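Right, one structure below, let's go through it.
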Amino acid sequence: MPRPAVLKRDEFAKYHALGNDYLVVDGDLQRPKLTPERVRALCDRHTGIGSDGILALHRPGRGVLLMRVWNPDGSEAEKSGNGARIFARFLWDFGYVRSRELAITTRGGPVVARLAVTNGEVRSIRVEMGHATFASADIPVVGPPREVVDEPIRVGSVDLRVTCVSVGNPHCVRFVSELHPEALRSLGPQLETHPFFPNRTNVQLARVRSRSAIDVLVWERGAGETRASGSSSCAVAAAAHRLGLVDRRVDVHMPGGKLRIEIGADYALRMTGPATPVYRGSLL
């Protein structure tokens, strides 16, 4: 079956990755262009199309595929793991690329995606997400240069311990013995906007199930509580390995489903999981 033609100026495609849903548009053709106000309007689930964000394709140079990631609050993220899988599948589905391996440029660094295709159907997408770093200047967090590993932080009147990591975007991981969505909804927005994080941060509550499995709840910067997150999964796996809690191959379980994370030398991260088309439509 032939693949559909590329998107027209007023079209979008909607995909989800473990319940984390994005609109994908050709940013070079958008008229009017995406602005924070337009992004908020499109992502609104009551008065717009509804999504956890927008992925915009740009081609700033020959052979360059730039993915810009817009959060539903109108802010722009550096990188998205779920977004990278969706973007790679979108490029394949709509005929922008013919190769099953492709390089994607993001504000948070390059990623390389590999599509597993059987009988014309994309079964899963593997993404080389780059390297994790715990260096305070790279995340960033305030204070002297250091690795932010199992460090105390005061939230309101409570003292917590967190591990902070960048995988091209900032993350704050708190390991707990029990996961409670109410705790995420309380702690998530407080940590996201904490003065410790000058660029805000994504927040994860994580419970280590075994040497190869972690349960995670995600509060996404600019989006709030999210069913799944690829970059958060990478950050949690890296943090857990740094603390000696897990091995190098970890299944990260979230409310939306499971991602496989592999941790290589120097904390190089590989993520494998699905991305699923939902529908194609036109913007008014």
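In this text the structure is predicted, and so the values were computed from the model without any measurement.
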Can you confirm whether [X] sits close enough to [Y] that some side-chain heavy atom of one is under 4.5 Å from a side-chain heavy atom of the other?
X: Met254; Y: Leu259; answer: yes
X: Arg174; Y: Leu187; answer: yes
X: Asp21; Y: Val278; answer: no

Please tell me whether [X] and [Y] are part of a single hydrophobic cluster in this structure, the criterion being side-chain heavy atoms less than 4.5 Å apart.
X: Leu283; Y: Tyr22; value: no
X: Leu7; Y: Leu34; value: no
X: Leu18; Y: Val69; value: yes
X: Met271; Y: Val112; value: no
X: Val24; Y: Leu102; value: yes

- request: Begin from the C-alpha positions of Leu65 and Leu91 and carry the test side chain to side chain contact (heavy atoms under 4.5 Å, CB included) through to its verdict.
  value: CA-CA 9 Å; Leu65 300 169; Leu91 292 172; 3.8 Å; yes
field: Test applied, salt bridge (charged side-chain N to carboxylate O under 4.0 Å, His left out); reference residue, Asp26; option that passes from Arg59, Arg68, Arg31, Lys33
entry: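 One option only clears the test, and that one is Arg59.
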Could you pull out the closest heavy-atom pair between [X] and [Y], with the gap in Å?
X: Val203; Y: Glu192; answer: CG2-N, 3.8 Å
X: Ile261; Y: Cys234; answer: CD1-SG, 3.9 Å
X: Gly222; Y: Asn71; answer: O-CB, 3.8 Å
X: Val246; Y: Ser210; answer: CG1-O, 3.8 Å
X: Ser51; Y: Leu23; answer: OG-CG, 3.6 Å
X: Val236; Y: Phe175; answer: O-CZ, 4.1 Å

Any side-chain donor paired with an acceptor under 3.5 Å for [X] and [Y]?
X: Gln204; Y: Ser232; answer: yes
X: His58; Y: Asp28; answer: yes
X: His171; Y: Asn169; answer: yes
X: Arg200; Y: Ser75; answer: yes

query: What residue among Asp52, Ile86, Val218 forms side-chain contact (heavy atoms from CB on, under 4.5 Å) with Asn20?
result: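 The option that passes is Asp52.
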task: Run through Arg85, Arg89, Lys258, His16 and flag the one making a side-chain contact (heavy atoms from CB on, under 4.5 Å) with Pro274.
output: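 Of the listed options, the one satisfying the test is Arg85.
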Any salt bridge linking [X] with [Y]? Criterion: basic side-chain nitrogen under 4.0 Å from a carboxylate oxygen.
X: Arg161; Y: Glu151; value: no
X: Arg126; Y: Glu128; value: yes
X: Arg40; Y: Asp73; value: no
X: Glu262; Y: Arg248; value: no

Atom CG of Asp266 with >12 non-hydrogen neighbours under 6.0 angstrom: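 Counting other residues, nucleotides and ligands, CG of Asp266 stays at 12 neighbours or fewer.
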At what distance, to the nearest 0.5 angstrom, does [atom1] of [X] lie from [atom2] of [Y]?
X: Cys164; Y: Phe197; atom1: SG; atom2: CZ; value: 4.0 Å
X: Met67; Y: Thr105; atom1: CE; atom2: OG1; value: 9.5 Å
X: Thr193; Y: Arg221; atom1: OG1; atom2: CZ; value: 12.5 Å

- request: Would you confirm whether the ring centroid of Tyr96 sits within less than 6.0 angstrom of the ring centroid of Phe90?
  value: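 Ring centres of Tyr96 and Phe90 closer than 6.0 Å.
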Aromatic ring proximity Phe134/Tyr267, centre distance under 6.0 Å: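 Phe134 vs Tyr267: aromatic centres under 6.0 Å.
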message: Go through it in stages, so that I can follow the logic: the residues are Glu178 and Arg207, the test is salt bridge (charged side-chain N to carboxylate O under 4.0 Å, His left out), and I'd like the CA-CA distance, side-chain angles, deciding distance and then a yes or no.
response: CA-CA 6 Å; Glu178 297 291 339; Arg207 182 182 72 88; 5.3 Å; no
query: Checking side chain to side chain contact (heavy atoms under 4.5 Å, CB included) for the pair Phe87/Leu57: CA distance, chi angles, key distance, verdict?
result: CA-CA 8 Å; Phe87 195 69; Leu57 166 64; 3.6 Å; yes
message: Between Val149 and Glu147, does the side chain to side chain contact (heavy atoms under 4.5 Å, CB included) criterion hold? Intermediate values first, please.
response: CA-CA 6 Å; Val149 176; Glu147 284 199 330; 4.1 Å; yes
task: Starting from the C-alpha separation in whole Å, work towards a yes-or-no answer on side chain to side chain contact (heavy atoms under 4.5 Å, CB included) for Lys79 and Ser231.
output: CA-CA 8 Å; Lys79 184 187 285 188; Ser231 64; 5.6 Å; no
